[in-house]
Amino acid sequence: MTLWHGRFSSEPSALLWDYTESLSFDRTLALDDIVGSKAHLAGLEKVGILTATEAATLYDALIVIESEFVGGSFSFSDRDEDIHTAIERRITEIAGDVGAKLHTGRSRNDQVATDLRLFTRRELTIVAERILDLQIVLAELADDAKDAYLPGYTHLQKAQPVLFGHHLLAHGWALSRDFDRIIATLGRMDVSPLGAGALGGSTLPIDPSYTAAVLNFAGPFENSLDAVSDRDFVAEALFDLSLIGVHLSRIGEEIVLWSTEEFGFVRLDDSYSTGSSMLPQKKNPDIAELARGKAGRLIGHLSGFLATLKGLPLSYNRDLQEDKEPLFDSLIQVGRALLAVNGMLSTALFDFARMKKAADSPYLCAIDLAEFLVKKGIPFRKAHSIVGGLVRDSLERHVPLEELVSAHPSLGDEAAVLLLPGESVKRRITRGGSGTEAVALQRSIFSERLTIDAKRLDELSHLNMREL
Ligand code: ARG
């Protein structure tokens with residue numbers, strides 16, 4: 001029998017059942033559903049809809065069900081449409097008639113919206129924690145790199161030498177924004193929908209503020225229609241996760257390139273590499289490739305879900321059931337990717353000598369020559385063209401650039417020094433640039449930021465609730 005059988009004269013068809021059920025995936029919400037129900041029954045008791053004895057009986061039944069889920073012994077019936085109906089059925093089995101009172105003043109519409117918020121906020125804090133862990137790995141690698149440098153690229157063409165620490169921290173800052181976005185999403189979604197009922201509230205004196213407080217939400221909804229139909233937090237979470245995925249993809253792409261023989265900037269640890277089934281010599285960077293590949297799927301989940309939302313009239317529509325699979329999958333994928341990339345990077349061997357060799361070309365210091373001329377009062381455009389001419393000359397006539405620079409009346413030996421290996425990064429002075437001192441300062445600001453972010457996350461530990 002379904003929860004809604006009263007209105008119907010025939011049983012649902014098997015085809016309807018197979019197509020509309022959500023139990024196969026929303027069982028993930030079991031423990032959050034139990035937490036939501038405990039809060040709901042506390043609310044019913046507070047306003048006198050349930051007696052203390054009835055509430056205690058229901059609470060005890062929920063505890064039993066919780067332990068069945070935790071111990072893996074909960075048994076589903078093939079008549080369970082979703083996790084909410086499965087748990088409600090079991091409550092009635094355990095608690096008897098009083099079980100039928102739990103759903104008073106509540107609909108699955110506010111129930112599922114509450115469950116999903118409880119689930120999402122907890123899972124997002126786990127993602128945020130893993131972002132911080134990866135940032136720590138990047139910071140440690142930056143420390144290990146000391147004054148190692150590599151070519152910085154634009155258009156994937158060598159542009160200027162940059163400190164390797166600077167390059168690593170660039171990824172670290174992107175992850176900082178990801179962290180920040182998650183905290184902002186958690187702030188915006190800190191609203192309890194419980195008490196909105198099916199869409200319009202209730203004639204019973206239930207108190208949404210009370211249940212919001214019990215569930216550690218900042219407050220209750222202001223509009224019951226919005227409460228049951230709002231899935232902005234899912235869309236936002238999918239965006240946040242997609243962008244994390246995109247950032248990991250960009251790291252992945254660099255590792256794929258750098259681990260080639262052609263670049264040779266990194267050797268991945270055997271335990272984080274895979275082999276070829278046919279070619280015995282191969283060692284492949286599969287984690288890096290999947291970090292790149294799976295970003296496509298994350299973006300798909302985001303755009304698919306936005307398309308689901310775009311045509312929906314207020315308030316709850318069954319379409320909203322489509323929020324779960326993309327969200328669950330994106331959380332799983334990003335959670336795993338953050339761990340795998342962390343492991344891959346923290347065990348990788350970076351080859352500073354190869355990086356240096358690739359960066360030690362005098363042509364990469366052409367801008368330093370132009371700025372040398374600027375310091376002597378030559379307008380930048382003119383300086384650019386003088387140095388451009390020398391580079392062309394050097395390439396066409398196969399004369400070392402240093403020689404041409406030494407011989408040039410406005411440049412000379414003083415400028416030729418700028419072309420020596422390692423000079424360029426040392427001399428760059430702008431804040432946030434790749435000069436030695438600027439990177440040291442950046443590194444300490446990055447550490448301060450990590451400390452602040454770890455504290456911000458700590459302050460959100462109340463969102464981690466699994467029990468009530
Ligand atoms: N499985 C449903 C979902 O995930 C639960 C809510 C069902 N509500 C309803 N009015 N049929 O959205």
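Whatever order the structure lists them in is the order used to number ligands and atoms, beginning at 1. We use all heavy atoms of the structure for the numbers below, so side chains are in, but hydrogens, waters and symmetry mates are not.
- Residues Thr92 and Arg89 are not in side-chain contact: their nearest non-hydrogen atoms beyond the backbone lie 4.5 Å or more apart.
- Annotation: cation-pi geometry satisfied between Lys46 and Tyr210 (NZ/CZ under 6.0 angstrom from ring centroid, within 45° of ring axis).
- Seen from the ring of Trp17, Arg79 counts as a face-on cation partner, given the 6.0 Å and 45° thresholds.
- Under a 3.5 Å cut-off, the side chain of Asp115 and the backbone N or O of Leu29 do not form any donor-acceptor pair.
- Because its NZ or CZ atom is both nearer than 6.0 Å to the ring centre of Phe217 and within 45° of the ring axis, Arg121 counts as a cation-pi partner of that residue.
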Report every pair formed by an N or O atom of ligand 1 and a protein N or O atom separated by less than 3.5 Å, giving atom names and the distance to 0.1 Å.
unit_1   : atom_1 : unit_2 : atom_2 : d
ligand 1 : 1 (N)  : Ser22  : OG     : 3.1
ligand 1 : 1 (N)  : Asp82  : OD2    : 3.2
ligand 1 : 1 (N)  : Gln321 : OE1    : 2.8
ligand 1 : 4 (O)  : Lys324 : NZ     : 2.4
ligand 1 : 8 (N)  : Asn109 : OD1    : 3.0
ligand 1 : 10 (N) : Asn109 : OD1    : 3.1
ligand 1 : 12 (O) : Tyr316 : OH     : 2.4

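- Between His167 and the options Phe265, Tyr153, Trp258, a ring pair (Phe, Tyr, Trp, His ring centres under 6.0 Å) holds for only Trp258.
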